[in-house]
Enquirer: 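Below: one structure in C-alpha cells.
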Amino acid sequence: MNKQLLVSALENGTVIDHIPCERTNDVLTLLKLNSVSSTVMIGINLESKKMGRKTIIKVADKFFSDDELNKLSVIAPDVTLCIIRNYEVVEKKEVRMPEELRDIVRCANPKCITNNEPMHTVFHVINKQRGIMKCHYCEKEQQIKDAKLK
Amino acid sequence: MSENRSVITLAHLTREKIEYLLKMAAQFEKHPNRRILEGKVVATLFFEPSTRTRLSFETAANRLGARVIGFADPKITSGTKGESLKDTIKMVSNYADVIVMRHYLEGAARYASEVTNVPIINAGDGSNQHPSQTMLDMYSIYKTQGTLDNLNIHLVGDLKYGRTVHSLLMAMRHFNPTFHFIAPKELEMPEEYKIYCRQNDIRFTEGTDFNEDVISGADILYMTRVQKERFTDLMEYERVKDAYILSADMLGKARPNMKILHPLPRINEINADVDDNPHAYYFQQAQNGLYAREALISDVLGLTLQDITNDKTIIYNE
C-alpha cells in the first residue's frame with residue numbers, strides 16, 4: 001500500500017531522515033539551511049516506527065560533502081540520508097563520527113580559552129562507543145551528546 | 001597550526017626525552033651560572049600572579065645570561081582594555097625569543113603556541129597543566145632516589161583538584177611506578193586518572209588512612225594541601241582536615257631513602273617539626289625548579305645536551 005507523502009517529493013536533492021524532533025533547529029543551523037536559496041521542506045512530529053516521532057528535512061538541489069554531513073553525528077548520530085536524482089534514490093548514507101570536531105560545538109568548560117577568546121574550537125573524539133570527546137585546548141573530557149552547537 | 005618547540009604539557013613526552021631533560025637539569029645544577037643565552041630575550045607573561053613560579057623562571061633566564069621582559073600583574077596589560085590573547089602574544093613575539101606564560105584560562109598556552117612561531121613554555125594554565133612543576137618534581141625524585149624506575153609513590157591530600165599530582169602521575173607512566181592514593185572521599189583521585197592508570201599499566205591502591213604504617217611503604221611521599229574551599233560539605237572538611245597533616249612522629253618507620261615532596265606553598269599540612277627531618281625535601285625541591293627551568297628554556301631555544309655539557313660560557317664563582 002502506498003503511503004501518501006506528507007511533504008512533496010524531491011526531483012533532485014538530499015533527504016535527511018530520522019532526526020530527533022528536538023534537534024530540528026540544530027540540524028538547520030549546522031547545515032546552514034537557514035541561508036540556502038533552494039527549497040527546504042521540513043516535516044516535524046512525523047510518525048516513526050523506530051523513534052516514535054521524528055523530523056524529516058528535504059533540501060532541493062543541494063548535495064552535501066561527507067564532511068558536512070558527518071558533523072550531524074554530533075547532534076543526531078542516527079540520521080539517515082538519501083541522495084535523490086530525478087526522483088530516484090541513488091544513494092543511501094549514514095553519518096559517521098569524525099575523529100576530530102572542528103568548530104562545531106562549544107566546550108562545556110567555562111574556564112576554557114575557547115569560551116573566552118574569539119577563536120575556533122577543536123575536539124578529539126577519544127571514544128566513539130561511549131561518545132566522549134576531549135577538548136584540544138583545556139583537555140577536559142566531555143559527553144558529545146551534551147555538547148552545545150557553536 | 002605551527003609546530004614549534006613549545007612545552008605545553010609533559011603528557012606526550014617519551015621516556016628518552018624526559019631523561020634527556022633531566023640530564024640537562026643535572027648539568028645546570030653543576031654549573032647554574034652561564035652566558036649561554038647571552039643575546040636572547042625571555043618574556044615572562046603572567047596573566048595570573050604567581051610570584052614563586054615567575055621568580056624561578058626569571059632567575060633561570062638571568063643565570064644563563066638572557067634578558068627578561070614581561071609583566072607580573074595582569075592589571076597593567078592591554079588585556080584589561082579588551083585585547084585578545086592572540087594579539088598580546090603576536091605583539092610580544094616581535095620582541096622575545098621565548099615566551100613563558102601563566103594564564104588563568106585552561107588551554108591558553110596551547111592556543112598561544114598556535115598563533116606564534118616563538119616557543120611557548122606553559123607556566124600553568126588554570127587547573128590544566130604546569131609542566132615545569134612536573135619536571136622539577138621528577139628531577140627531585142630522580143636526584144633523591146637515583147632512578148625513576150619501580151618506585152612507590154604516595155600521593156596525599158587533595159587528589160581531586162591537585163593538578164601537580166595528575167601531571168606527575170601521567171609523566172611517570174614510563175617508569176613502572178606504584179602509586180598509593182591517600183585522600184578523603186570528597187577529594188579522591190578522579191575516575192579519569194584511574195582509567196588512565198589502568199590503560200597504561202600503572203599499579204595503584206587507594207585509601208583514606210594516613211599514618212606511620214602507610215608511610216612506611218613509600219619511597220616518595222608527595223603531600224598536597226587540603227583546601228577548605230574545595231569542600232561542598234564543611235562538616236566533612238572539619239572531620240578530615242587534620243587527618244592529612246604530616247608530623248615528625250609519623251616518620252619512625254619510613255624507609256631510609258624516603259623523601260617528602262610538596263609543590264608549596266605549604267599552609268599547615270606539614271608540621272614545622274618535619275622541616276629539619278632528613279626525610280624533608282620540599283625546600284630543595286623548589287631549588288631544583290631553577291635547574292629544571294634552565295633546562296626547559298635551553299631546550300626550547302634549540303640548545304642540546306651536548307651544547308650544555310661542552311659549554312664554554314660557564315661562570316665559575318668558586
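Within every chain, numbering begins at 1; the chains are lettered A, B, ... in the order of the sequence lines, protein sequences first and strands thereafter. Atoms considered below: every heavy atom in the structure, side chains included; atoms not considered: hydrogens, waters and symmetry mates.
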Enquirer: Is atom NZ of A:K92 surrounded by more than 12 heavy atoms (other residues, nucleotides or ligands) closer than 6.0 Å?
Expert: no

Enquirer: How far does OG of B:S127 sit from NZ of A:K111, to the nearest 0.5 angstrom?
Expert: 5.5 Å

Enquirer: Is the CZ atom of A:R96 crowded by more than 12 outside heavy atoms at less than 6.0 Å?
Expert: no

Enquirer: So which bits of residues 11-24 of chain A come within less than 4.5 Å of chain B, counting non-hydrogen atoms only?
Expert: none

Enquirer: Looking at A:T114, A:N109, A:I113, which hits side chain to side chain contact (heavy atoms under 4.5 Å, CB included) with B:L105?
Expert: A:I113

Enquirer: Can you find a heavy atom in the side chain of B:E114 that is under 4.5 Å from one in the side chain of A:H120?
Expert: yes

Enquirer: Should the heavy atoms of other residues, nucleotides or ligands under 6.0 Å from CD of A:E88 be counted, would the total exceed 12?
Expert: no

Enquirer: Counting only heavy atoms not in A:E91 (residues, nucleotides, ligands), do more than 12 fall under 6.0 Å from its CD?
Expert: yes

Enquirer: Between OH of B:Y104 and CG of A:N116, what distance do you get to the nearest 0.5 Å?
Expert: 7.0 Å

Enquirer: Can you list the residues of residues 139-150 of chain A that sit under 4.5 Å from chain B, counting heavy atoms only?
Expert: A:E139, A:K140, A:E141

Enquirer: Quick check: closest heavy atoms across B:R110 and A:Y137, and the distance to 0.1 Å?
Expert: CG-CD2, 3.5 Å

